[in-house]
Amino acid sequence: MTARMDGSFIDYVDFIDVVQEALETAPRKLFEKMMHLILNKFHDQEIELQRLALEMDEMHSLPVDDLDEFYDTTLDAIDNIKLFKKKLDQIKKKDELFDDLYTQADKLHSALVTYMDRMGQLEVRVLQEKQRSA
């Protein structure tokens, strides 16, 4: 899974490998800046997913053209964040910021699941509305 950072994407696992190396070899301040960068991006993604999920509660049509692609993409993201959390679980005791990242990754994971769930609820609601009007 990738995280969007200022218009480009980075791979989570690559990032965590670089951050671990920074913890061991670079000044502490650089490590902290890198960790705060990804923590903030994960938080932003979590908030955006929560906003989108809430907006779906008021919708009466599907915001995507291809539901299969939506579900496939979202399930891939969920699987990737679960793998990322597994990697973080192995290193979160090395530093408090790794533990914070694990917590934020868990929140992002929950937001992804909620987002997918709300899309499913919207899908059912749209189908029910079509049946009532038919």
Side-chain angles (χ1 to χ4, degrees):
M1 184 171 187
T2 58
R4 187 171 181 84
M5 291 194 173
D6 298 327
S8 60
F9 291 87
I10 62 162
D11 183 85
Y12 293 160
V13 175
D14 290 343
F15 184 85
I16 206 65
D17 289 342
V18 170
V19 172
Q20 282 187 87
E21 187 173 330
L23 175 64
E24 296 167 8
T25 62
R28 174 79 186 175
K29 192 169 189 157
L30 176 61
F31 167 74
E32 289 174 355
K33 283 183 179 183
M34 293 171 72
M35 289 300 290
H36 287 293
L37 176 68
I38 197 164
L39 281 163
N40 290 336
K41 293 304 176 181
F42 273 30
H43 178 73
D44 291 347
Q45 288 177 345
E46 174 201 358
I47 297 300
E48 179 65 13
L49 286 168
Q50 289 174 346
R51 184 188 64 75
L52 291 170
L54 288 172
E55 284 178 357
M56 280 188 222
D57 290 343
E58 305 301 320
M59 291 181 179
H60 298 283
S61 63
L62 296 172
V64 295
D65 293 328
D66 188 343
L67 279 173
D68 288 336
E69 182 180 340
F70 168 82
Y71 288 122
D72 288 345
T73 301
T74 306
L75 286 170
D76 284 346
I78 290 168
D79 287 344
N80 287 333
I81 198 80
K82 284 173 28 180
L83 291 172
F84 182 67
K85 284 174 41 183
K86 193 174 196 177
K87 181 165 180 119
L88 281 173
D89 193 43
Q90 297 169 359
I91 63 169
K92 68 182 181 181
K93 289 183 174 60
K94 285 186 178 183
D95 191 277
E96 179 182 314
L97 287 171
F98 286 134
D99 191 50
D100 292 348
L101 184 55
Y102 180 89
T103 300
Q104 188 58 53
D106 192 51
K107 290 178 181 178
L108 180 57
H109 176 250
S110 294
L112 280 164
V113 170
T114 299
Y115 179 58
M116 187 175 71
D117 181 58
R118 292 285 172 84
M119 183 64 79
Q121 291 173 20
L122 176 59
E123 182 181 6
V124 168
R125 197 168 57 246
V126 166
L127 287 171
Q128 287 174 339
E129 288 174 2
K130 282 183 182 178
Q131 287 176 346
R132 284 184 203 132
S133 65

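Below, all heavy atoms of this structure are taken into account, side chains as well, without hydrogens, waters or symmetry copies.
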How many angstroms lie between atom [atom1] of [X] and atom [atom2] of [Y], to the nearest 0.5 angstrom?
X      : Y      : atom1 : atom2 : value
Lys82  : Asp106 : NZ    : CG    : 11.5 Å
Gln104 : Leu97  : CD    : CG    : 12.5 Å
Lys41  : Leu108 : NZ    : CG    : 13.5 Å
Asp68  : Thr73  : CG    : OG1   : 10.5 Å
Met34  : Leu30  : CE    : CG    : 5.5 Å
Phe98  : Lys87  : CZ    : NZ    : 10.0 Å

How close do [X] and [Y] get, counting heavy atoms only, and between which atoms?
X      : Y      : answer
Met56  : Leu122 : O-CD1, 4.0 Å
Ala53  : Thr114 : CB-CG2, 4.4 Å
Ala105 : Leu88  : CB-CD1, 4.3 Å

**Request:** Taking ring pair (Phe, Tyr, Trp, His ring centres under 6.0 Å) as the test, write out the residues that go with Tyr102, two or more places apart.
**Result:**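 Here no residue qualifies.
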Side-chain heavy atoms nearer than 4.5 Å, only ILVMFWY residues, links allowed to pass through others: does that put [X] and [Y] together?
X      : Y      : result
Leu112 : Leu83  : no
Leu54  : Leu49  : no
Leu52  : Val126 : yes
Met59  : Val64  : yes

[Y] and [X], any side-chain heavy atoms less than 4.5 Å apart:
X      : Y      : value
Leu23  : Met35  : no
Ile16  : Leu101 : yes
Asp17  : Gln20  : yes
Leu62  : Met119 : yes
His109 : Ile78  : yes
His43  : Ile47  : yes

**Message:** Would you say that more than 12 heavy atoms from the other residues, nucleotides or ligands in this model lie under 6.0 Å from the CD of Glu96, or not?
**Reply:**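 Not buried by this count: 12 neighbours or fewer within 6.0 Å.
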**Asked** Hey, is CD on Glu21 packed in by over 12 heavy atoms from elsewhere, all under 6.0 Å?
**Response**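 Not more than 12 within 6.0 Å, no.
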**Request:** Under the ring pair (Phe, Tyr, Trp, His ring centres under 6.0 Å) rule, what do Phe15 and Phe84 come out as? Steps first, then yes or no, please.
**Result:** CA-CA 11 Å; Phe15 184 85; Phe84 182 67; 8.3 Å; no
**Message:** Going by side-chain hydrogen bond (donor to acceptor under 3.5 Å, both in side chains), name the pairs with one or both residues in residues 56-66, residues two or more places apart or in two chains.
**Reply:**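 The answer is Asp57-Arg118, His60-Glu129.
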Sequence neighbours excluded, which residues qualify as salt bridge (Lys or Arg N to Asp or Glu O under 4.0 Å) partners of [X]?
X      : result
Glu123 : none
Lys92  : Asp89
Asp100 : none

**Message:** Closer than 3.5 angstrom, by distance alone: can the side chain of Asp117 be matched with the main-chain N or O of Val113 as a donor-acceptor pair?
**Reply:**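 Side chain of Asp117 to backbone of Val113: no pair is present.
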**Request:** Spell out, as yes or no, whether a donor-acceptor pair under 3.5 Å connects the side chain of Ser133 to the backbone of Lys130.
**Result:**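 Present.
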**Request:** Taking side chain to side chain contact (heavy atoms under 4.5 Å, CB included) as the test, write out the residues that go with Lys33, two or more places apart.
**Result:**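 If we apply the side chain to side chain contact (heavy atoms under 4.5 Å, CB included) test to Lys33, skipping adjacent residues, the hits are Lys29.
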**Asked** Checking side-chain hydrogen bond (donor to acceptor under 3.5 Å, both in side chains) for the pair Gln50/Glu46: CA distance, chi angles, key distance, verdict?
**Response** CA-CA 6 Å; Gln50 289 174 346; Glu46 174 201 358; 3.1 Å; yes
